Amino acid sequence: MLKVFNTMTRQKETFEPMTPGVVTMYVCGPTVYNYIHIGNARSAIAFDTIRRYFEYRGFKVKYVSNFTDVDDKMIKQAKKLGITVPELGDRFIKAFKEDTAALNIEPATVNPRATEHINEIIEFVQDLIDKDYAYPVDGDVYYRAHKFAHYGELSHLKLDDLEEGASQHTADEETARKEDPVDFALWKGAKPGEISWPSPWGAGRPGWHIECSVMSTHYLGDTFDIHAGGEDLVFPHHENEIAQSEAKTGKTFVHYWLHNGFVTVGDENEKMSKSLGNFVTVHDILKTVDAQTLRFFMATTQYRRPIQYSQRNLDTAARNLERLQTAYDNMGYRLKDAEGGHDPKTDQEVRQIVANYMDVMDDDFNVQNGVAEVYEVARLGNVYAERPVVFAGTLSFIRKTLTDLLSVFGVELQEAAELADQDIEDLIAERIAARKNKDFLRSDEIREQLKNQGIILEDTPQGTRWRKGN
RNA sequence: GGUGGUAUAGCCAAGUGGUAAGGCAGAGGUCUGCAAAACCUUCAUCGUCGGUUCGAAUCCGAUUACCACCUCCA
């Protein structure tokens, strides 16, 4: 029984999709005015991992993730770069796709852009006005937060408390136009020179929250299973989405709200964000950090926990990954002299580990316990691969189990490369001969020489083998 | 000020009542001509104080520290 932690109820709940076997999920994507930072990557990795686990468990997943390609930041950045807003969007959507591909994030079923749904947004806003949940003022349209009875339920905030907080920001002219400081914009009138679309309220652009209400319901229906994003989106973004969507449809918007924790950076353990200026882009990181290591590091931290991004943690992840790859190689090496058939007892042990894996992963995607089971598969595989007699069926079964479980984390193990260099092969042959003659001086010399070329030699009961390394 | 979260070994990190998973690092060992890889063994009483209980990391109260949200942000 799969359980997920629902932000709405602050509890783990049994996950029951609306349609058996099918998961509909919407993940808030980035505003595409820059390269994504590692916080964006964390969110994308966390929910990609969750998606992969659903798929591993046999669900079909409809995964929708948007691009916010028009808002104040987009307009500002486009102006700064001297390009249009659509050009800016194109540029960083392309960069997003490159970065996420490097991190082995599965492409979404649909990646809608806000600007592709302007007409629907206008209709949606008009509907809210017709229902008296919204009102136009001087080219803007605002939502009456107080009118929506459930406002604040997701974030567990009270409107009265919000007003106090909002009171610190009442100075700006936008607030002056609102009936109430907690009201939020559905549509923003354009200032001269800004990108805009015609609407019944004049030329303008969508407010931030409305696009997600429109696109999520457009692709997934008025009600869908999972809506996800960073925990900073709980308020106001997701709260406002609920208010908009449920006011319009009169139906429950989303069954399960999932939110990922932050990435922290540096000694202060401080939240990393674009606004704090302490962010690191994936684009830059991947110049020096192995993408798969970063993926493994983030995917094996439970999505609700904070992640401390540090070199030390990355190094540990790299070693862990190497260990798993080595286990895979160790088993692959024995495939050469394995006998046909299976070892039923070992197969059974592997199946037990897989059962444990699903057990812990079913508990709100407890990847830390999940990866512990993966290490157990690796250990078992290493032990098995050292047996004098091994069976190919069992070796393959363990190897496949290892790759299957790891692919949930978005990690792909590599088959050992074939040695293509004749000189190196000759040296290895010479060393084997030297060892037979107990000429260890020469044999160690060759081993050292190859090590300097990045080839590590290992003598096993089945003969000498090599691998790349340092 | 309001709300929520976190505090477990050198590091990362599981664990919601019964004598602390896992990984990295460290130590010892097996294997090896020596290595490497692997395997085995070993390494904490759970921020502080108090309470409940036969028994608490796990429940309650207090306290300290850190983080986040209340404003754009994954």
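Only this structure's heavy atoms are used, side chains among them; waters, hydrogens and symmetry mates stay out. Source: prediction; values computed, not measured. Quick note on labels: first sequence line is chain A, next is B, and so on, each numbered from 1.
Comparing B:C39, B:A74, B:A68 by their nearest atom to the side chain of A:T31 picks out B:A74. Looking at the side chain of A:D459, the nearest of the listed nucleotides B:A74, B:G2, B:A35 is B:A35. Among the nucleotides B:G33, B:A74, B:C39, the one closest to any side-chain atom of A:L233 is B:A74. Checked against B:C69, B:C34, B:A14, the side chain of A:R447 finds its nearest nucleotide in B:C34. Listed nucleotides B:A74, B:U71, B:A38 differ in distance to A:P236; the shortest reach to its side chain belongs to B:U71. Comparing atom distances between the A:Q368 side chain and each of B:A13, B:G33, B:C24 picks out B:A13 as nearest.
Computed from coordinates, the A:R319 CZ to B:A37 C1' distance equals 16 Å when rounded to whole Å. Residue A:R323 contributes atom CZ, which lies 11 Å from atom P of B:G22 at whole-angstrom precision. The distance from atom CD1 of A:I428 to atom P of B:A36 is 18 Å, rounded to the nearest whole Å. Across the protein-nucleic acid pair, A:D329 atom CG and B:A36 atom P stand 18 Å apart, rounded to whole Å. Counting to the nearest Å, the C1' atom of B:C24 and the CG atom of A:L314 are 13 Å from each other.
For A:N356 and B:A21, the shortest distance from a side-chain N or O to OP1 or OP2 is not below 4.0 Å. Taking only side-chain nitrogens and oxygens, A:N369 never comes nearer than 4.0 Å to OP1 or OP2 of B:A21. In this structure, A:R379 reaches the B:C40 phosphate: one of its side-chain N or O atoms is under 4.0 Å from OP1 or OP2. Taking only side-chain nitrogens and oxygens, A:R304 never comes nearer than 4.0 Å to OP1 or OP2 of B:G5. Contact annotation: A:N40 side-chain N/O to B:A74 OP1/OP2 distance is under 4.0 Å.
When Watson-Crick and G-U wobble pairs are counted only if both distances are under 3.5 Å, B:U42 pairs with B:G26. Checking B:U3 for Watson-Crick or G-U wobble geometry (two distances, each under 3.5 Å) identifies B:A68 as its partner. Judged by Watson-Crick or G-U wobble contacts below 3.5 Å, the nucleotide B:G50 has B:C60 as its partner.
Residue contacts for A:Y375: at a heavy-atom cut-off of 4.0 Å it reaches the sugar-phosphate backbone alone, with no base atom in range. A:T460 comes within 4.0 angstrom of no nucleic acid atom, judged by non-hydrogen atoms across all strands. Across all strands, A:N330 comes closer than 4.0 Å only to sugar-phosphate atoms, never to a base (heavy-atom distances). In this structure, A:N313 reaches the sugar-phosphate backbone alone: every heavy-atom distance under 4.0 Å involves primed, P, OP1 or OP2 atoms, never a base. Contacts of A:R442 with the nucleic acid, taken as non-hydrogen atoms under 4.0 Å apart, are absent. Base contact: A:N260 has a heavy atom under 4.0 Å from a base atom. Among the protein residues, A:N366 comes within range of the sugar-phosphate backbone only, with heavy atoms under 4.0 Å from sugar or phosphate atoms but none that close to a base.
Nucleotides B:A25 and B:U58 have their P atoms positioned 32 Å apart, rounded to a whole Å. A distance of about 24 Å separates the P atoms of B:A57 and B:U64, rounded to the whole Å. Separating the P atom of B:C67 from that of B:G50 is a span of 28 Å, rounded to the nearest Å. When the C1' atom is compared between B:G15 and B:U6, the two are found 15 Å apart, to the nearest whole Å. To the nearest whole angstrom, the two P atoms, one in B:A74 and one in B:C69, are 12 Å apart. Annotation: B:A68 and B:C43 have their C1' atoms spaced 35 Å apart (nearest Å). Only the P atoms considered, B:U30 is 14 Å distant from B:A36, to the nearest whole Å. Comparing the C1' positions of B:C12 and B:A7 gives a spacing of 15 Å, expressed to the nearest Å.
Side chains of A:N66 and A:Y26: a donor on one and an acceptor on the other come within 3.5 Å.
When all heavy atoms are compared, the tightest approach of A:R465 to A:D329 is NH1-O, 3.9 Å.
For residues 362-389 of chain A, every residue pair satisfying the salt bridge (charged side-chain N to carboxylate O under 4.0 Å, His left out) rule, not counting sequence neighbours, is listed here: A:K12-A:D363, A:R57-A:D362, A:R304-A:D364, A:D343-A:R387, A:E376-A:R379.
A distance of 6.0 Å or more separates the ring centres of A:H146 and A:Y151.
No salt bridge links A:E13 with A:K3; every basic N to acidic carboxylate O contact stays at or beyond 4.0 Å.
The salt bridge (Lys or Arg N to Asp or Glu O under 4.0 Å) search around A:D225 returns none, not counting sequence neighbours.
The cationic group of A:R113 does not satisfy the cation-pi geometry with A:F67, failing either the under 6.0 Å distance to the six-membered ring centre or the 45° limit from the ring axis.
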